[in-house]
Amino acid sequence: MKKVKNILSIYDLTSKEIWAIIQSAIKLKKQKKSKFQLKGKTIGLIFEKPSTRTMVSFSVAMCQEDGTPLVLDLKKLQTTRGESIYDTAKVLSRYLDAIIIRAFKHSSIEEFAKYSSKPVINALTDLEHPLQILADLMTIIEKYKIKNLKELCKLKISFVGDANNVANSWLAVSAVLGLNFLLLGPNNYAPKKELLEKALRIGKKTKANINISNDIEDIKRSDVVYTDVWISMGEEKESVERHKAFLKYQVNDNLLSKANKNCIVLHCLPAVRGEEITASVMQKQEDNIFEEAENRLHIHKATMIYLIK
Ligand code: CP
Ligand code: NVA
């Protein structure tokens, strides 16, 4: 039996696969007419948390390739009445060709994937947001006209803020691809020891240059400055202490004056202007940030074609 390919983490993909999916997405974006490569395929989307980009771009990606997306309202599934993940995964994977899940706990999607006979894709958990990072990389590759991995590895990519799901996936992709990556933020919100150790261990083999810092001066020579919200979904209760801790790490004109002059700023969105990024930076970097959001669509298309065509 063919082994099911899940994407729960960036570590589920090799460097070759990451590069191939991004290149395929770039091609699909340029293509004038759809080749309807997902005809007859159906995916299910299960979201425990809100989503605008991921849910809509996955759905549109399927429709444009002549497949069918089913957005499954969690409240209407029997899971709300206590049906187990085991039974749900066993049953849904007999109907669907892939299941896209956004969950609070990463362990929930791992459990689902364990019993699913079809690919399970992480659409964000407390641990990672892998497909977001593929769209981010695609944007960087387009903006800097990168031709190969070697050129990509020369760019300095700095993530500023909370070492949460998005940052964890950046750490992982830096290790897998061998990127030059800085994670800049307050000590209390640095990556978990085991995640950092894993990235450094894998990154050693790929010659990645991964650095963690709390000193904003280290933003110097950055080609890409990336940020994410200070208060992620589900962390609302920590609002007061988080605002205090991250204040110094706002992506504003002053911080950017320390980076490369023409650096690009990316944000996974949704953004909170006046918190992790100023309205002025958002406005100046709009073309990059909304292009990044658009690229979610192309990446989802390329990923689904790769996994289930
Ligand atoms: N960036 C991202 O995943 O956005 P949504 O929460 O809107 O899906
Ligand atoms: N870190 C954010 C990302 C949103 C796409 C969150 O988890 O809410």
Side-chain angles (χ1 to χ4, degrees), residues 7-10 25 43-62 69 71-74 99-109 121-140 159-173 183-186 188-192 195 224-239 242-243 245-246 249-251 265-273 275-277 282 285-286 288-301 303-304:
I7 307 179
L8 306 186
S9 159
I10 282 286
I43 64 164
L45 298 127
I46 305 177
F47 282 69
E48 284 181 4
K49 306 186 197 188
S51 171
T52 298
R53 281 144 289 271
T54 313
M55 194 166 60
V56 178
S57 61
F58 250 117
S59 303
V60 174
M62 286 304 288
V71 177
L72 303 170
D73 182 353
L74 252 184
I99 302 103
I100 320 305
I101 308 178
R102 171 168 289 191
F104 280 94
K105 291 195 294 194
H106 192 75
S107 56
S108 311
I109 62 163
I121 296 174
N122 178 357
L124 182 146
T125 62
D126 54 353
L127 189 69
E128 276 207 44
H129 196 5
L131 294 199
Q132 172 70 55
I133 270 57
L134 299 191
D136 302 339
L137 282 170
M138 174 177 170
T139 314
I140 295 169
F159 182 101
V160 187
D162 188 17
N164 194 356
N165 38 25
V166 174
N168 288 340
S169 288
W170 263 111
L171 201 56
V173 90
L183 211 163
L184 183 60
N188 289 349
Y189 297 93
K192 290 207 174 72
L195 296 180
V224 180
V225 173
Y226 193 107
T227 193
D228 182 13
V229 287
W230 292 344
I231 299 148
S232 284
M233 290 179 273
E235 294 174 341
E236 291 73 12
K237 280 196 194 117
E238 299 170 26
S239 168
R242 282 180 166 272
H243 277 108
F246 287 109
Y249 298 94
Q250 183 185 62
V251 175
V265 176
L266 296 179
H267 192 311
C268 53
L269 301 178
V272 186
R273 288 166 175 80
E275 292 197 4
E276 77 281 358
I277 192 163
M282 269 301 286
Q285 295 282 336
E286 227 187 61
N288 296 324
I289 294 169
F290 291 136
E291 193 77 26
E292 175 189 10
E294 181 193 320
N295 285 343
R296 304 288 309 279
L297 169 70
H298 309 295
I299 284 291
H300 292 158
K301 230 184 244 183
T303 307
M304 297 322 297

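Along the sequence shown, residues carry numbers from 1. What you see is a predicted model; the values in this text were computed from it and never measured. Indexing begins at 1, ligand by ligand and atom by atom, following the structure's order. Heavy-atom basis, side chains included; hydrogens, waters and symmetry copies ignored.
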Please report the interatomic distance OG1(Thr227) to CD(Glu276), rounded to the nearest 0.5 Å. 5.5 Å
Single hit among Ile133, Asp228, Asn122 for side-chain contact (heavy atoms from CB on, under 4.5 Å) with Asn165: Asp228
Is it true that a side-chain atom of Arg242 and a backbone atom of Trp230 form a donor plus acceptor pair closer than 3.5 Å? yes
State whether the shortest distance between N or O atoms of Asp228 and N or O atoms of ligand 2 falls below 3.5 angstrom. yes
Residues forming a ring-ring contact (aromatic ring centres under 6.0 Å, His included) with Phe159, sequence neighbours excluded: Tyr226
Using a 4.0 Å cutoff against the non-hydrogen atoms of Asn165, which atoms of ligand 2 qualify? 1 (N), 2 (C), 6 (C), 7 (O)
For Thr52, the ligand 1 atoms whose distance to one of its heavy atoms is below 4.0 Å: 5 (P), 7 (O), 8 (O)
To the nearest 0.5 angstrom, please state how far the CZ atom of Arg296 sits from the CZ atom of Arg53. 8.0 Å
If the cut-off is 4.0 Å to any non-hydrogen atom of Leu269, which atoms of ligand 2 fall inside it? 5 (C)
Any N or O of His129 that comes nearer than 3.5 Å to an N or O of ligand 2? no
Going by distance only, is there an N or O of Leu269 that falls short of 3.5 Å from an N or O of ligand 1? yes
Could you measure the distance from the CD1 atom of Ile289 to the OG1 atom of Thr139? Nearest 0.5 Å is fine. 10.5 Å
Is the number of heavy atoms from other residues, nucleotides or ligands within 6.0 Å of NZ (Lys49) greater than 12? yes
Of all the non-hydrogen atoms in the protein, which one sits nearest to atom 3 (O) of ligand 1, and at what distance? His129 NE2, 2.8 Å
Please check whether Met233 reaches ligand 2 - meaning an N/O of the residue sits under 3.5 Å from an N/O of the ligand, judged on distance alone. yes
For atom 2 (C) of ligand 2, the closest protein heavy atom turns out to be Ser232 OG, 3.3 Å
Looking only at side chains, do Glu128 and Ser9 share a donor and an acceptor under 3.5 Å apart? yes
Of all the atoms in ligand 1, which lie at a distance below 4.0 Å from a heavy atom belonging to Arg296? 1 (N), 2 (C), 3 (O)
Give yes if a backbone or side-chain nitrogen or oxygen of Met55 is under 3.5 Å from a nitrogen or oxygen of ligand 1, and no if not. no
For ligand 1, is any non-hydrogen atom under 4.0 Å from Gln132's backbone (N, CA, C, O), its side chain (CB onward), both, or neither? side chain
Residues forming a ring-ring contact (aromatic ring centres under 6.0 Å, His included) with Tyr249, sequence neighbours excluded: none
the protein heavy atom lying closest to atom 6 (O) of ligand 1 turns out to be Arg102 NH1, 2.8 Å
Using distance alone, with no hydrogens and no angle criterion, decide if His267 and Glu292 have a side-chain donor and acceptor under 3.5 Å apart. no
Which segment of Leu124 sits under 4.0 Å of ligand 2 when only heavy atoms are counted: side chain
Around atom 4 (O) of ligand 1, find the nearest protein heavy atom and jot down its residue, atom name and distance. Arg53 NE, 2.9 Å
